[in-house]
Amino acid sequence: MTLEADVSDLWDRYQDGLTAADATDEDAAVIDEFLAALEAGEVRAAEKTGDDVTSWEANEWVKRGILLNFGLRETEPREYGGVTYHDVLPLRDTDDLGERGTRNTPDGTAIRRGAYLGSDCIMMSPSFVNMGAYVGDGTLVDSCDTVGSCAQLGENVKLGANTLIGGVLEPVEDAPVIVEDGVSLGAGCRVTSGFRVGENSIVGENTLLTPRIPVYDLVEEEVIYGHLPAERRAFTRMVESSVGDHDLFEGGAYKPAVVATHVEEETLEATQREDALRE
């Protein structure tokens, strides 16, 4: 049987009432093999099926495999850095990162089991990459950044300091947060609830990207939700709220929106990474 078939069979048994106490060594071997495949980048929680950023689709069996690791494992005391913590999984073994030229600085970089980091990545302290996340080659995860469960980051992505990439684990059919190749997110950005950022886009600091906030795309002159098209420069602006003329709001009420324009050459040059970081 394939790994997908093994995971699917185990999921069916779990849905029928299999518990962590009842799971066999063979069951444990399946989810261990599954974690190893995630960490090697051989399986991913989502994949792109077309040319547009909206074509990403969830791999439901992969997300089910991740959920099995919570349902069929017991919480245990574990040791890290002389501190005892309690979790169903240990942190990820990072011995493979050095051979790929990937760096994670000490005292605060945490990578959970089942996460993939590509070659020539940098993780600065403190930062966290959760289970099922995929971090592509050459990507920078800066200080105080979080990459949530199943989030998919492309190659040469730059996450500014204090950036949150949200996780989407359930429902299993929902695609997670997607940040495609070459994207630069300014400090303090938040990308949540399965929002998708198209390749080579540049997002200003402290911008919130979520399906509930409209994106005013000035390039195509349309209002869109849930994604930012490729090669856009995006930033937050306040627009008039539907309750703007209510008596309780003196001076009017406003709500956040995202404005997207063409990426300008000067903007691209300003966001290029320092080569010294790679030496």
Side-chain angles (χ1 to χ4, degrees), residues 44-60 62-63 66 115 127-136 139-142 144-220 222-239 255-263 271:
R44 295 177 61 169
E47 61 184 17
K48 194 173 185 179
T49 60
D51 295 331
D52 191 77
V53 69
T54 60
S55 68
W56 283 85
E57 295 182 2
N59 282 324
E60 295 184 25
V62 174
K63 297 180 76 175
I66 293 171
S127 57
F128 175 67
V129 178
N130 206 349
M131 186 181 186
Y134 184 99
V135 180
T139 287
L140 169 65
V141 180
D142 211 340
C144 302
D145 289 349
T146 296
V147 180
S149 57
C150 298
Q152 305 290 294
L153 306 186
E155 297 182 0
N156 301 313
V157 170
K158 180 181 178 182
L159 304 184
N162 198 31
T163 292
L164 169 67
I165 305 298
V168 178
L169 188 50
E170 294 184 279
V172 293
E173 66 271 14
D174 281 3
V177 171
I178 306 294
V179 181
E180 292 192 330
D181 296 351
V183 168
S184 177
L185 299 178
C189 284
R190 302 288 186 269
V191 189
T192 69
S193 304
F195 194 94
R196 308 169 190 193
V197 184
E199 63 183 13
N200 298 319
S201 288
I202 298 169
V203 182
E205 60 270 14
N206 296 314
T207 300
L208 173 60
L209 299 175
T210 182
R212 294 174 296 280
I213 292 180
V215 176
Y216 289 80
D217 184 11
L218 303 187
V219 177
E220 297 294 334
E222 60 181 354
V223 180
I224 53 181
Y225 289 84
H227 72 279
L228 178 68
E231 299 182 352
R232 296 293 194 271
R233 181 172 65 91
F235 47 89
T236 298
R237 286 293 182 268
M238 304 303 290
V239 298
K255 61 184 179 181
V258 174
V259 177
T261 66
H262 286 288
V263 173
T271 57

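Heavy atoms only: backbone and side chains are in, while hydrogens, waters and symmetry mates are out. Since we're looking at a predicted model, the values are computed, not measured.
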Can you sort out the partners of Y216 under side chain to side chain contact (heavy atoms under 4.5 Å, CB included), two or more places apart, ordered by chain and number?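 Y216: side chain to side chain contact (heavy atoms under 4.5 Å, CB included) contacts with P214, V223, V239, A257.
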Can you list the residues that meet the side chain to side chain contact (heavy atoms under 4.5 Å, CB included) rule with S55, with sequence neighbours excluded?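 Applying side chain to side chain contact (heavy atoms under 4.5 Å, CB included) to S55 gives K48, T49.
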To the nearest 0.5 Å, what is the distance between [atom1] ([X]) and [atom2] ([Y])?
| X | Y | atom1 | atom2 | answer |
| --- | --- | --- | --- | --- |
| E231 | I202 | CD | CD1 | 10.0 Å |
| I178 | Y134 | CD1 | OH | 12.0 Å |
| S149 | I66 | OG | CD1 | 7.0 Å |
| T192 | L208 | OG1 | CG | 5.5 Å |
| H262 | L218 | NE2 | CG | 9.0 Å |
| D52 | T54 | CG | OG1 | 3.5 Å |

Any donor and acceptor pair, going by atom type alone, linking the side chain of K63 with main-chain N or O of D174 inside 3.5 Å?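 Indeed, once roles are kept as given, a pair shorter than 3.5 Å links the two residues.
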Shortest non-hydrogen contact between [X] and [Y], atoms and distance:
| X | Y | value |
| --- | --- | --- |
| G148 | N130 | C-CB, 3.8 Å |
| P176 | A45 | CD-O, 4.4 Å |
| G198 | V183 | O-CG2, 3.2 Å |
| R212 | Y225 | O-CE2, 4.2 Å |
| L228 | A234 | CD2-CB, 3.9 Å |
| A230 | S201 | C-OG, 3.7 Å |

Residue set satisfying ring pair (Phe, Tyr, Trp, His ring centres under 6.0 Å) with F195, at least two apart, ordered chain then number -> none
Side chain to side chain donor-acceptor pair (under 3.5 Å) partners for [X], two or more places apart:
| X | answer |
| --- | --- |
| R232 | D217 |
| N59 | none |
| E155 | none |
| R44 | Q152 |

Side-chain contact test, heavy atoms from C-beta onward, threshold under 4.5 Å: evaluate it for L159 versus V147 and give yes or no.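 Yes. Closest side-chain heavy atoms under 4.5 Å.
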pair T236-N206: side-chain heavy atoms closer than 4.5 Å: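 Result no, sub-4.5 Å side-chain heavy-atom pair not found.
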Determine which pairs satisfy salt bridge (charged side-chain N to carboxylate O under 4.0 Å, His left out) with at least one residue from residues 186-205, sequence neighbours left out, and list them in order. none
Return all side-chain donor-acceptor pairs below 3.5 angstrom for residues 162-173, not counting sequence neighbours, or 'none' if the list is empty.
{"unit_1": "T163", "atom_1": "OG1", "unit_2": "G160", "atom_2": "O", "d": "2.7"}
{"unit_1": "T163", "atom_1": "OG1", "unit_2": "G186", "atom_2": "O", "d": "3.4"}

